[in-house]
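Beneath this line is the structure, given in structure tokens, with notes to follow.
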Amino acid sequence: EGIFGYELRKVIGRSLAASRIPGAWAYVTGKPTPVTVAPVSVLEPAPTHIEFPRIDDPDVSIVIPVFGHVDHTMRCLASLSAHQSMYSFEVIVVDDRSPDDSRRRVQACPGVEVVANDTNMGFIESCNRGAQRARGRFLVFLNNDTAVLPHWLDELIGTFTVMPDS
């Protein structure tokens, strides 16, 4: 218990609250659930201009394997761009020979590294190809239909500060 238990409850509680599981924050922390930001709606149009800074030595590499669904991918990238972190990160999108214009649209986003498979290699191989290009100390995989919330990466990577053996 002690300070470690308190810090762990704090990290887990915030993560559960961000996941929007009803009552999770209150259960873990004993405090009322804070207001969270609503996730990006799939009905919103996909953004047209998304940009990331180029990082030479990122703390985190975020790998996003994609096969089609370019609007999902663009909304995912927009949410990453909107919710920056105290940790530097690079974004690697692995296009698994999408049948739509995913590759072209993502390549138009400055700061995103695009790995283009010559043949459809499947989800796991695409993840592995992205991981091979990663330069960060931490590796995060996201599905292309993910819309991140504020502080998501700080909380995720912060776990390794609170629990260095994890």
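Remember, predicted model here, so these are calculated numbers, not experimental data.
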What pair of heavy atoms forms the shortest contact from [X] to [Y], and how long is it?
{"X": "I50", "Y": "P110", "value": "O-CD, 3.4 Å"}
{"X": "A134", "Y": "L139", "value": "CB-CD1, 3.8 Å"}
{"X": "G68", "Y": "T73", "value": "O-OG1, 4.1 Å"}
{"X": "S79", "Y": "T146", "value": "OG-O, 3.9 Å"}

Ignoring hydrogens and angles, tell me if any N or O in the side chain of [X] forms a donor-acceptor pair with the backbone of [Y] under 3.5 Å.
{"X": "D100", "Y": "H69", "answer": "yes"}
{"X": "E90", "Y": "R135", "answer": "yes"}
{"X": "S61", "Y": "G136", "answer": "yes"}

(request) Could you check V148 against L142 for side-chain contact (heavy atoms from CB on, under 4.5 Å), going step by step and ending with a plain yes or no? (result) CA-CA 9 Å; V148 301; L142 291 181; 4.2 Å; yes

Validation row: [X], [Y] side chains within 4.5 angstrom (heavy atoms):
{"X": "I157", "Y": "T159", "result": "no"}
{"X": "L77", "Y": "V91", "result": "yes"}
{"X": "W152", "Y": "V140", "result": "yes"}
{"X": "V60", "Y": "L153", "result": "yes"}

(request) Give every residue pair that meets the salt bridge (Lys or Arg N to Asp or Glu O under 4.0 Å) criterion with at least one member in residues 141-154, sequence neighbours excluded. (result)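 Those involving residues 141-154 do not exist here.
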
(message) By the salt bridge (Lys or Arg N to Asp or Glu O under 4.0 Å) test, which pairs, at least two apart or in different chains, include something from residues 107-120?
(response) E113-R133

(request) Dump the intermediate steps for side-chain contact (heavy atoms from CB on, under 4.5 Å) on D101 and V70, then the final yes or no. (result) CA-CA 7 Å; D101 64 344; V70 66; 3.7 Å; yes

(message) Quick check on R97: does its CZ atom have over 12 non-hydrogen neighbours (other residues, nucleotides or ligands) under 6.0 Å away?
(response) no

Does one hydrophobic cluster hold both [X] and [Y], with members joined at side-chain heavy-atom distances below 4.5 Å?
{"X": "V115", "Y": "V106", "value": "no"}
{"X": "F141", "Y": "I124", "value": "no"}
{"X": "V114", "Y": "I92", "value": "no"}

Could you tell me which residues satisfy side chain to side chain contact (heavy atoms under 4.5 Å, CB included) with [X], sequence neighbours excluded, listed by chain and number?
{"X": "P53", "result": "I55"}
{"X": "R54", "result": "none"}
{"X": "D96", "result": "F67, N117, N120, M121, S126"}

Roughly how far, to the nearest 0.5 Å, is the [atom2] atom of [Y] from the [atom1] atom of [X]?
{"X": "C76", "Y": "M74", "atom1": "SG", "atom2": "CE", "result": "10.5 Å"}
{"X": "D57", "Y": "R137", "atom1": "CG", "atom2": "CZ", "result": "11.5 Å"}
{"X": "L80", "Y": "F89", "atom1": "CG", "atom2": "CZ", "result": "5.5 Å"}
{"X": "H72", "Y": "R75", "atom1": "NE2", "atom2": "CZ", "result": "6.5 Å"}

(request) Report the C-alpha separation of V94 and V66 in whole Å, then their side-chain angles, then the decisive distance to 0.1 Å, and conclude whether the side-chain contact (heavy atoms from CB on, under 4.5 Å) test is met. (result) CA-CA 6 Å; V94 182; V66 303; over 6 Å; no

(request) For the pair F52 and S81, evaluate side-chain contact (heavy atoms from CB on, under 4.5 Å) and give the outcome as yes or no after the intermediate values. (result) CA-CA 6 Å; F52 294 91; S81 178; 3.9 Å; yes

(request) Scan for ring pair (Phe, Tyr, Trp, His ring centres under 6.0 Å) pairs involving residues 99-140, sequence neighbours excluded, and state none if there are none. (result)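 Passing the test, one end in residues 99-140: F138-F160.
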
(message) Can a side-chain donor-acceptor contact be found between S98 and D95 if the only test is distance below 3.5 angstrom?
(response)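 A pair is found: one side chain offers a donor N or O, the other an acceptor, under 3.5 Å apart.
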
